[in-house]
Protein chains: 2
Amino acid sequence: MAQKLVFAFGDGRADGDASMKDLLGGKGANLAEMTRLGIPVPPGFTISTRACNLFHERGGKMPAELRPQVERAMAKLEKLQGKRFGDSGDPLLVSVRSGAKFSMPGMMDTVLNLGLNDRAVVSLAETSGDERFAWDSYRRFIQMYGDVVLGTGKERFEQELEQLKRRRNVALDTDLTAADLRGLVSRYKNIVRRVAGKAFPQEPARQLWGAIGAVFSSWNNDRAQRYRRQYGIADDLGTAVNVQCMVFGNLGEDCATGVAFTRNPATGENEFYGEYLINAQGEDVVAGIRTPQPVCKEREGDASLEEAMPVQFKQLQKIRATLEKHYRDMQDIEFTIERGKLYMLQTRTGKRTGMAALHIAFDLYDAKRIDQKEVLRRIEPEMLVQLLAPVFDAAELARARKTSRVCGRGLPAGPGAASGAIAFTAERAEQMHAEGKTVLLVRSETSPEDIGGMVASCGILTSRGGMTSHAAVVARGMGKPCVVGAEALHVDTSAGKLVAGKHTLREGDALSIDGSSGEVIVGTLEPHPSEIQQVLTSKKTGRSQGSRSYRRFAQLMRWADRHKRLKVRTNADTPHDSTVARALGAEGIGLCRTEHMFFGEDRIAAVREMILSEDARQRGKALKKLLPMQRRDFLRIFTAMDGLPVTIRLLDPPLHEFLPTEKAQFRQLAQELGMSVKHVEDKVQTLAEANPMLGHRGCRLGITFPEIYEMQARAIFEAAAACRKKKIRVKPEVMIPLIGTVEEYRELAALIHGVAESIHKKTGLRPKYQVGTMIEIPRACLVADQIAAEAEFFSFGTNDLTQMTYGYSRDDAGKFLPDYLERRMLPADPFQTLDARGVGQLLQMAIGNGRATQPGLKVGVCGEHGGDPASVRFFHERNVDYVSCSPYRVPVARLAAAQAVLSSSAVGSTA
Amino acid sequence: MAQKLVFAFGDGRADGDASMKDLLGGKGANLAEMTRLGIPVPPGFTISTRACNLFHERGGKMPAELRPQVERAMAKLEKLQGKRFGDSGDPLLVSVRSGAKFSMPGMMDTVLNLGLNDRAVVSLAETSGDERFAWDSYRRFIQMYGDVVLGTGKERFEQELEQLKRRRNVALDTDLTAADLRGLVSRYKNIVRRVAGKAFPQEPARQLWGAIGAVFSSWNNDRAQRYRRQYGIADDLGTAVNVQCMVFGNLGEDCATGVAFTRNPATGENEFYGEYLINAQGEDVVAGIRTPQPVCKEREGDASLEEAMPVQFKQLQKIRATLEKHYRDMQDIEFTIERGKLYMLQTRTGKRTGMAALHIAFDLYDAKRIDQKEVLRRIEPEMLVQLLAPVFDAAELARARKTSRVCGRGLPAGPGAASGAIAFTAERAEQMHAEGKTVLLVRSETSPEDIGGMVASCGILTSRGGMTSHAAVVARGMGKPCVVGAEALHVDTSAGKLVAGKHTLREGDALSIDGSSGEVIVGTLEPHPSEIQQVLTSKKTGRSQGSRSYRRFAQLMRWADRHKRLKVRTNADTPHDSTVARALGAEGIGLCRTEHMFFGEDRIAAVREMILSEDARQRGKALKKLLPMQRRDFLRIFTAMDGLPVTIRLLDPPLHEFLPTEKAQFRQLAQELGMSVKHVEDKVQTLAEANPMLGHRGCRLGITFPEIYEMQARAIFEAAAACRKKKIRVKPEVMIPLIGTVEEYRELAALIHGVAESIHKKTGLRPKYQVGTMIEIPRACLVADQIAAEAEFFSFGTNDLTQMTYGYSRDDAGKFLPDYLERRMLPADPFQTLDARGVGQLLQMAIGNGRATQPGLKVGVCGEHGGDPASVRFFHERNVDYVSCSPYRVPVARLAAAQAVLSSSAVGSTA
């Protein structure tokens, strides 16, 4: 028997259900589900994604087994509706729509009113009693079919329509008469004959197969492919095709069409939130020619559905309740009212903001619809970043929208709000930044040479590119608000202007972007700390403080902590960052980079003196100046993290990073240090490296210049001793970076233990401490068994490990990485989401080998992957003990860690 | 029972034998073996290395179980000799010498004449009948003992001796009378009392234990540690101590002492080759005060042993035959004749040149002493490099030695002869090179900033540093003749002079070095191609041509090929290199780097035009110019390698490597290409990379600029088609570099196959070809199973794989690698010998995973490790199919590959 490729629904029965999204697509599965729920859905059938894949496998030929199944389904539909396809009496009209597993709005094609032809249009005029409607439906059908199936494009049809309107001297389509439209149909058919080279097909069956083929093909059109790349949707899923009886919202004043969310998708409020138009087709709501009215009564004077059609409104309210009860989540629905009868055309889980996600989940929990675990599962960890990112004031933003200052919308590539003076080049951005301006970099797209300008800007806006474009990838890496692919904007760099509809902006003009919504706003809007951020930073004690949002956020975090196994630490180099991270729930510092302290204004001189020293004695002198400063740094950080572990990485970057690069600066430096300019120049030249990433850095510095690590160890243990005196519970973990051989580790660990011992002897205080290593070189993973015999902990530096495992320099990969992502050479940016197959394999090997030598070896991750939900899940599954990430990603990691447990326990394993 | 720590030998019996080198050291084991062979050896005993290790484990305390064993052995010795230790009648005197498993000449300490004291010296005068001899022996003993055991140093003793000679107005020690020497002993004892703070010990037992302890301690003295580092000898072997009855070569004219090789160690000639002195102690032969005479009669007038002491000479000849027969190899021996009685003091396998190694092995084979396999085992593969490296004319070199132009000797760090004008700085070396001079760089030691000067020089000489110093490591990498650690030379860079004994040389003066022997020669010596090299390059046909050396070399290579399993290919980029490599036995090209072709004078302009192109069209134009040139290159290489496979790597380096770096050059380039200077500058800036090693290179270029790889593929397949027309058997293997993901491979392999198909269609010729990849990125090893599903072969680029696995940039590692090697942080330079533990693990994983997907997958190695014997052995054991190395290392690899089979079959496994 041939495999089932066609799934019918209608009249309360359906072959499919909501669980079958893989096969039926989201739309088809939900149409079946709604039918089963007794909700009025125009009957129809879904052709499965399997058929689409067969179609593509056979090079664009219809699979033979499909034809009889579609024919049977059509026959059933005719019987159910009591109409006949292509009938001259009462013709059956259908819509043909794509519907993939994941929603791809507007990316694929749709044909409405299919079944109309020269005879059926006449019948339709009779049965509907509306001749104008019939001819308008026919001319729309020809236009859509010509565009989608026959490849004629839309323009010629639209030109013809415009001409007719000019001749008739009318402004709106609706002012055209039935006769006008009849004439237009005739001209449209001529266009088809001329451009497609054949007559418009009159046989409904031929129309149907043409439309099905076109929808299948649309899966691979450019738009759809780009969309899938942007959102990481696999190419081999295929689309289903939904063939459904037409219902009309435009047969008169007792007709209407609308879209709605069962709750407010921006705030999460439990209010019915939608728009509709009387006497209109679905596309009219979107097209924006007529202003849609609210579904619910908000103010007097609104022509709300609630008032205009109270019966249907009540029915819709009831369906809203049914759907929410059934799906236990906020739904995004489409409906049409045909001559007083309500039909549901679509339901799907609605997209929402981070704030809405939080409140909807908790409201459902409060209503006992979902349990604690489900709340944790419902909220995408990434969304929490929105809750913490700076925001525009909602009222101000609303005012900007009302006053048409929102001049464009792009992809929300980096959350947060930013407002600044426009710079059109990276160079200017840097100059303006140097002049003290807050700069917003606006480019058609960015490239590697723009990095400096991106650093100097408060936010980045591009008119081109997707979620994996250079701008998006780099901005996310920098944590900057970013909007990309705002295609309505025209950036003219050479003319130095930005044209956005009626707005023309020049360098220095104020512009604002909302990196969470993708909106671009003309003028200045002040970014504010988010509500939760405000409470967090002002918060001193107690849990009950703060707004409802904060309380729910805090509750979510507590629940997450209750379920997660992974500990979450933070990467912090300052007391301020440590305090912030602690407020965000960090359970310690996983990476404190001591070199960041070296760059401080008060110390860089001593650092340079140390580097330029001619011998160990002079170096020792310079280091002596640094010692008290480092000690103070550690003392303050230990104090901020009282009771929690603090992992301190010893000096890592190559020494030349601390030296100036300009000739002019050499002279000044030489003067300051009382050295000859030549000596400084020679030293700079000697230290220069072809590949600093693979150069004289990390523990290699510790081996060649043990004085440096000795000073750092001394600062750590002296600070620890001082803490002990003050009863601060200090848990230092000294981390040696860039270990590649156990010999390196052994030598440096001995040095550190020696320093500790000498200070412990002197002070009589013996705070507990550990010495361990960063595993960030592939070889370290391969010899982890040896290293684990000596080290007290491993912390994976997944950034460097990724660089070396792939052979990608993060500084240079901008030259090809966006292209690689765009072209699917890589499944994801490996610097954002850990490459499980390659880098992950090394990590797993290192953990396995390390624990074979030292069972229970403490293992952490301190690369940026520690804050990426997918990577966190991987680390959870590989039995990592903790992840460490930047302070604002700590909540993301906590939730992701909880979800990792919940999803793994869902498939039967235990955490 | 206590473990045996003392092993006696003497009177034809011995506790040990030659196989016990681990325990008895080389000297002790061979003394035991000679005793067993009935060869006259002064009796004695060996304290094992185990005792030495116990001594060090106990922090420098004698192991308790040693004392009774030594006492028993001494008692046995006294009985055997009929003398008593410390006797006032006929005192037993012994020597105490170190003797480790591996010879460490002059690195550890020796004490002679032990047992003498104020009483015994009188007895010795009586029994020897030579008062002068007795007092001379005593004063020597006090000096040695003071220096070695009591830490007084030598200088004070020598000053005292000189003063005495001045007072007596004599030139030689031998002119001093017994009374003089008696007085000297008294002064020597005063020195000991003054400097060591205690009297010179009179009890022989105390003397003995002091000397044993000193020898044990000498294992860890600086000299010994440095030596072990230089030659890669493990620190935990420990030294044995040989306590042996003294015999004297200085008791009169019927006494003598000498050293000899059983064959000529320079040429391998089967001639007895040694020197001796009548009436002398061993140290006199080495000290160079008296000129030693030849052992064999060479010319009239020589006071040869053969003529002076014919009986003992015959006895020695007989022992020479016995030893060679027994050891089946050339021996390096020491002997002493005491009052007409011959004693053997040492035998060991003699060090020899590459040429000598070849002839000795073949002579022994011809004499049926060793078989073919043993010939293959006997010759260190590395020695073959000497046979192919340029050499000085032997006669000229001999003349230079005679005329005292040999002014120093260092470690032979890079084989080959070089002669040039002295430059004392890298900068001057570059300038002089630019002026057209042949430059020899002379430094006290080199550092990373000298690289440019090293490149510009024909050879490198340093006065400091060992085999793993910066100069040695870098010169070997560059294949330059190099002598390091020539400590007799004083390099004064600031004064611009080199002082070597009586010679003072300045910049521009001619100096020559022999990197195979370590000799430094004043003046110009012309380097010539070696004998074998001459035959190879002149050779057209037939095997019988050439000298005996060449014939034996060729025979060795044929035998090696008969036994080896690994194929040996070569890395060659030019027809000339291909031809040379083929003559040296290369079985194909394993790595043809196409970028080397891009640097040619006639093409760099087109390459730069291609890089600076503004779009794909312009790029295409430039590539069109390159196409015929690349095609011609391939055609000529294919022709040279007729019948053998040629692996061509597509463009690998980042594009900026082809562009100029100086501002002045930008202008010229812009002019040449008709572009603006700004455009050139911008492009250079855009292409610049922070870490080019991890940048936009290899297949990443192929992905971003497919036109480049397309042009190269076209050149390859068009050349292949042209070959087919000429009946040249062409086997191209197209290699895609730097693959990290299977997606990259898939895309580029499809491109290459597409080009091949189009050319095959056009020409109607279908030469067989393969497409495969270089495995050089750690991730490629981790996903080798995926890549092997697509690729037709793997070729490991172990250079880059090592760089990324260790996180070492080869360009920068000079900053710490020599230090790492010196300090044993690494067992060997990982760029010379493959790191089996780390990089090797990845390689093994890749082979395993690759062959799991594609059984029988062809696997090669094309990094420089392909020419390193230890690495070749590793590759053999890991079932690699072929290695590829530079042309002159092909013979090394062939022999190493054969030895790998022979050594693995020796331990029972089969190849």
Side-chain angles (χ1 to χ4, degrees), chain A residues 447-449 654 682 685-698 700-701 703-704 738 740-741 743-744 747 776-783 786 800 802-816 819-820 823-827 830 835 837-842 845, chain B residues 447-449 654 682 685-698 700-701 703-704 738 740-741 743-744 746-747 776-783 786 800 802-813 815-816 819-820 823-827 830 835 837-842 845:
Chain A
S447 65
E449 59 263 51
D682 284 355
Q685 213 196 331
T686 304
L687 289 175
E689 292 183 306
N691 297 288
M693 175 70 213
L694 306 176
H696 195 185
R697 52 175 285 240
R700 298 163 198 170
L701 289 174
I703 298 282
T704 353
L738 218 70
T741 73
E743 287 81 8
E744 291 171 323
E747 177 145 331
E776 51 189 333
I777 285 193
R779 192 175 190 278
C781 297
L782 299 164
V783 301
Q786 295 181 329
D800 277 13
T802 299
Q803 295 199 74
M804 293 183 215
T805 304
Y806 268 100
Y808 291 168
S809 157
R810 222 180 158 172
D811 293 330
D812 304 313
K815 292 200 167 61
F816 58 89
D819 194 30
Y820 266 45
R823 294 166 67 184
R824 291 287 180 90
M825 306 299 291
L826 291 169
D835 160 44
R837 187 72 174 72
V839 182
Q841 199 180 137
L842 276 180
M845 195 184 296
Chain B
S447 65
E449 58 263 51
D682 284 356
Q685 214 197 329
T686 306
L687 291 174
E689 292 183 306
N691 296 289
M693 175 71 212
L694 307 176
H696 195 186
R697 52 174 285 241
R700 299 163 197 171
L701 290 174
I703 298 280
T704 352
L738 219 71
T741 73
E743 288 80 8
E744 291 170 324
R746 204 176 281 142
E747 175 144 333
E776 52 189 332
I777 285 192
R779 193 177 189 279
C781 297
L782 299 165
V783 301
Q786 296 181 328
D800 277 12
T802 299
Q803 294 198 76
M804 293 182 214
T805 304
Y806 268 99
Y808 291 167
S809 158
R810 222 178 160 177
D811 294 329
D812 304 312
K815 291 199 170 59
F816 56 89
D819 195 30
Y820 267 44
R823 294 167 67 184
R824 291 287 181 88
M825 305 298 293
L826 291 169
D835 160 44
R837 187 71 174 72
V839 182
Q841 197 180 333
L842 277 179
M845 196 184 296

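Because the structure is a prediction, the values reported are computed rather than measured.
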Top contributor to chain B contacts, counting heavy-atom pairs under 4.5 Å, from [options]:
options	answer
A:G695, A:A813, A:A690, A:G740	A:A690
A:V783, A:T741, A:I703	A:I703
A:P654, A:P778, A:G698	A:P778

If we ignore hydrogens and angles and just use 3.5 Å, is the side chain of B:N691 paired with the main-chain N or O of A:M693 as donor and acceptor? yes
A:R779 side chain vs B:G807 backbone, donor-acceptor pair below 3.5 Å: no
Taking atom [atom1] of [X] and atom [atom2] of [Y], what is their separation to the nearest 0.5 Å?
X	Y	atom1	atom2	result
B:I777	B:L738	CD1	CG	3.5 Å
B:Y806	B:Y820	OH	OH	10.5 Å
A:T802	A:L842	OG1	CG	9.5 Å

Between [options], which residue shows the highest count of heavy-atom pairs closer than 4.5 Å to chain A?
options	result
B:E743, B:Q841, B:Q786, B:R700	B:R700
B:T704, B:V839, B:D835, B:L826	B:D835
B:M845, B:R823, B:Q803	B:R823

With only heavy atoms counted, which part of [X] is less than 4.5 Å from chain B, the side chain, the backbone, both or neither?
X	answer
A:D682	neither
A:E776	neither
A:T805	both

For A:K815 and B:H696, which heavy atoms make the closest approach, and how far apart are they? CB-ND1, 3.8 Å
